[in-house]
Amino acid sequence: MDSIRIRGGKPLSGKIRISGAKNAALPILCATLLSDGESLLRNVPALRDIDTTAALLRFLGRDVQAAAPLVRVGAGSDVRPEAPYELVKQMRASVMVLGPLLARFGRAKVSLPGGCQIGTRPVDQHLKGLEALGATIRLSRGYIVAECKRLRGAEVVFDLPTVTGTENLMMAAALAKGRTTLVNCAREPEVEELGRVLNKMGARVSGAGTDVIHIEGADELEPFDHAIISDRIEAGTYMVAAAAAGGDVLLENAPLEDLEAVAAKLRQAGVEVGREGDCVRVRRDAARPLRPVDVTTAPHPGFPTDMQAQFMVLMCLAQGTSRIVETIFENRFMHVPELSRMGAHIDVDGHTALVHGGAPLSGATVMATDLRASASLVIAGLVASEGETEVLRVYHLDRGYEFMERKLAQLGADTVRVEGRNG
Ligand code: EPZ
């Protein structure tokens, strides 16, 4: 297992390019199951989750050539509509093959994802929606077994906005007979992006990106050729890294329009954030104190839960106390004990963390627990002016960040990957 070693205390400067969005690529790769033709995905980041999805599509019988930034998915052999536990346990988002397989082949057997580090994360809304479209669903020995001659359009009202739930139903409805209306949908930019691709394939999707989406199902869908949007969470992570370490960076291809909530909180803390051509510029004079800012995570366009851990590190540097409330996942403070090992003062009470900023962070060996927690530990390492930080188990990081240590080094950070480090 690799680790990343960081010598902190250096401001960041220079320019990096933001990669394609992981959380857009995953559902779009699943959407390739809706057509028999050969689809081409461009601007795909080189990530472990992309490799896992490619392996799943191959297991299902597709011919996949994945060489980031290009992924080509062809018909391959007969599809076996079954997603095994071995693959689904590596990545919960695999549940998004359920809708396309059921819609395309009338049956699907997909392992239940089970819980994860950040929460129980049930898929009841996915199943409720597919049942409303006419599927019969039963759970058997850890698997979702779904059948339906042909899905038919219907109205589905989600109990809460769910990103992959909305995406699973959009894909299912794209081949259903008639019109589907999804209400209380997730409004994330990645949902909107999937809507664009389904329209390219011949479905008629309207309202993606709003809380009500209408889908006119088609009898058949075409393959597509599509370049995916940039990763707003990767961009947000580097914006916070620059704010924490201090410096002046340019983030090429960063989707500022999808990061308004994050940018607003950074400005409130005293960080300069602005657009400069096709870049976002982030500047902070490390000598100038940061102001404490309260944050409550929420579905888009609110403050993204996927930025909570990174922003918490920034608040460890602020002159005063800030309150961070996590409303999406019940167990998303796994980074707190590790940050405390670096000298942070954070009190957690249920969904609320009180961050008492101002205490200097020092280098330590810390353990990554999930994708965004690992990014927060890397940022803490950039800030720690005393001693070296080593972040263990960076396989979590590799799930969602393309070459993070190289990109940071490009900005002048002292970051190296140590391969095959035990622990
Ligand atoms: C997506 O997960 C993202 N993953 C997550 O990013 C992100 O944290 C999350 O949305 C919230 O923004 C992908 O897009 C692949 P949800 P998803 O369904 O779809 C509850 C990262 O770091 N819920 O919107 O699984 C659920 O438990 C990852 O890149 C139900 O109760 O999240 C949670 O509390 C981590 N029943 C809330 O809804 C359901 O059927 C929102 O979850 C579905 C969800």
Side-chain angles (χ1 to χ4, degrees), residues 19-77 79-105 108-114 116 121 123 126 143-144 163-168 170-172 174 188 190-191 193-194 197-198 201 221 223-231 233-234 306 370-371 395-402:
S19 305
K22 166 181 82 82
N23 290 347
L26 301 183
I28 294 171
L29 283 168
C30 296
T32 61
L33 291 163
L34 293 166
S35 152
D36 279 345
E38 180 173 283
S39 292
L40 183 59
L41 212 53
R42 300 172 191 275
N43 195 29
V44 178
L47 302 174
R48 244 166 29 88
D49 276 8
I50 300 292
D51 299 341
T52 307
T53 311
L56 177 56
L57 291 173
R58 287 191 192 100
F59 183 90
L60 294 169
R62 288 297 197 212
D63 169 25
V64 183
Q65 286 145 43
L70 286 184
V71 177
R72 201 181 287 280
V73 183
S77 59
V79 161
R80 166 186 42 189
E82 185 170 327
Y85 176 66
E86 287 65 36
L87 287 169
V88 175
K89 76 176 181 194
Q90 294 176 41
M91 185 190 70
R92 320 171 37 74
S94 311
V95 73
M96 285 192 287
V97 299
L98 181 61
L101 287 174
L102 189 55
R104 180 77 189 70
F105 303 99
K109 183 179 175 188
V110 174
S111 171
L112 262 174
C116 99
R121 303 180 73 178
V123 292
H126 301 233
Y143 279 78
I144 303 161
V163 176
T164 51
T166 302
E167 293 165 336
N168 227 337
M170 286 167 73
M171 293 188 275
E188 271 67 4
E190 297 78 24
V191 172
E193 177 75 339
L194 177 64
V197 169
L198 291 174
M201 297 178 82
L221 292 172
F224 59 85
D225 180 338
H226 187 77
I228 56 172
I229 53 175
S230 305
D231 196 316
I233 304 297
E234 186 201 22
D306 294 348
D370 62 79
L371 169 57
Y395 58 84
H396 288 290
L397 198 74
D398 296 337
R399 294 191 55 179
Y401 292 95
E402 191 178 39

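Fair warning: this is a prediction, and the values are worked out from it, not measured in the lab.
With Thr164 as the fixed residue, the side chain to side chain contact (heavy atoms under 4.5 Å, CB included) test singles out one of Arg121, Met96, Glu190: Met96. When each of Val73, Leu87, Val71, Val79 is checked for a side chain to side chain contact (heavy atoms under 4.5 Å, CB included) with Leu57, only Val73 meets the rule.
You'll find the side chain of Pro84 reaches within 4.5 Å of the side chain of Leu56, heavy atoms only. A heavy-atom distance below 4.5 Å is not found between the side chains of Val88 and Val95. In this structure, the side chains of Pro45 and Asp231 stay at 4.5 Å or more apart for every pair of heavy atoms. Counting heavy atoms from C-beta on, the side chains of Val163 and Asn23 never come closer than 4.5 Å. When side chains are defined from C-beta on, Pro100 counts as touching Asn168, because their heavy atoms get closer than 4.5 Å.
Residue pairs meeting the salt bridge (charged side-chain N to carboxylate O under 4.0 Å, His left out) criterion with at least one partner in residues 79-99, sequence neighbours excluded, are absent. Within the structure, salt bridge (charged side-chain N to carboxylate O under 4.0 Å, His left out) contacts touching residues 19-45 (residues at least two apart or in different chains) are Lys22-Asp49, Asp36-Arg62, Asp36-Arg104, Glu38-Arg72, Arg42-Asp225.
Residues Gly400 and Leu371 approach most closely at N-CD1, 3.5 Å, considering heavy atoms. Residues Met201 and Ser35 share a closest heavy-atom pair of CE-CB, 3.9 Å. Leu101 and Ala108 get closest at one heavy-atom pair: CB-CB, 3.8 Å. The two residues Ala83 and Leu60 make their nearest non-hydrogen contact at N-CD2, 4.4 Å. Closest non-hydrogen pair, Tyr143 versus Tyr85, comes out as OH-N, 2.9 Å. Listed here is the closest heavy atom pair of Ala103 and Leu34: CB-CD2, 4.4 Å.
Once rounded to the nearest 0.5 Å, the distance linking CG of Leu33 with CG of Leu102 reads 12.0 Å. A distance of 10.0 Å separates CD of Gln65 from CG of Leu40, quoted to the nearest 0.5 Å. Interatomic distance, Leu29 CG to Thr53 OG1, rounded to the nearest 0.5 Å: 6.0 Å. Interatomic distance, Leu47 CG to Arg399 CZ, rounded to the nearest 0.5 Å: 10.0 Å. Of the inter-residue distances, the one linking Ile228 atom CD1 with Leu194 atom CG reads 11.5 Å to the nearest 0.5 angstrom. For the atom pair CD of Glu402 and CG of Leu397, the computed distance is 12.0 Å after rounding to the nearest 0.5 Å.
The backbone N or O of Thr52 lies less than 3.5 Å from no partner atom in the side chain of Gln90, so there is not a single donor-acceptor pair. Listed for the Ser39 side chain is no donor-acceptor partner under 3.5 Å among the backbone atoms of Pro223.
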Take Glu188 and Thr166 through the test side chain to side chain contact (heavy atoms under 4.5 Å, CB included) and record every step on the way to the result. CA-CA 10 Å; Glu188 271 67 4; Thr166 302; over 6 Å; no

Yes or no on side chain to side chain contact (heavy atoms under 4.5 Å, CB included) for Leu198 and Met170, after CA distance, side-chain angles and deciding distance? CA-CA 8 Å; Leu198 291 174; Met170 286 167 73; 4.0 Å; yes

Do Leu26 and Ile50 pass the side chain to side chain contact (heavy atoms under 4.5 Å, CB included) test, and can you show the C-alpha distance, the side-chain angles, and the key distance before you say yes or no? CA-CA 7 Å; Leu26 301 183; Ile50 300 292; 4.0 Å; yes

Could you please spell out the steps behind the side chain to side chain contact (heavy atoms under 4.5 Å, CB included) verdict for His226 and Glu193? CA-CA 10 Å; His226 187 77; Glu193 177 75 339; 2.7 Å; yes

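The number of heavy atoms from other shown groups lying within 6.0 Å of CZ (Phe59) is above 12.
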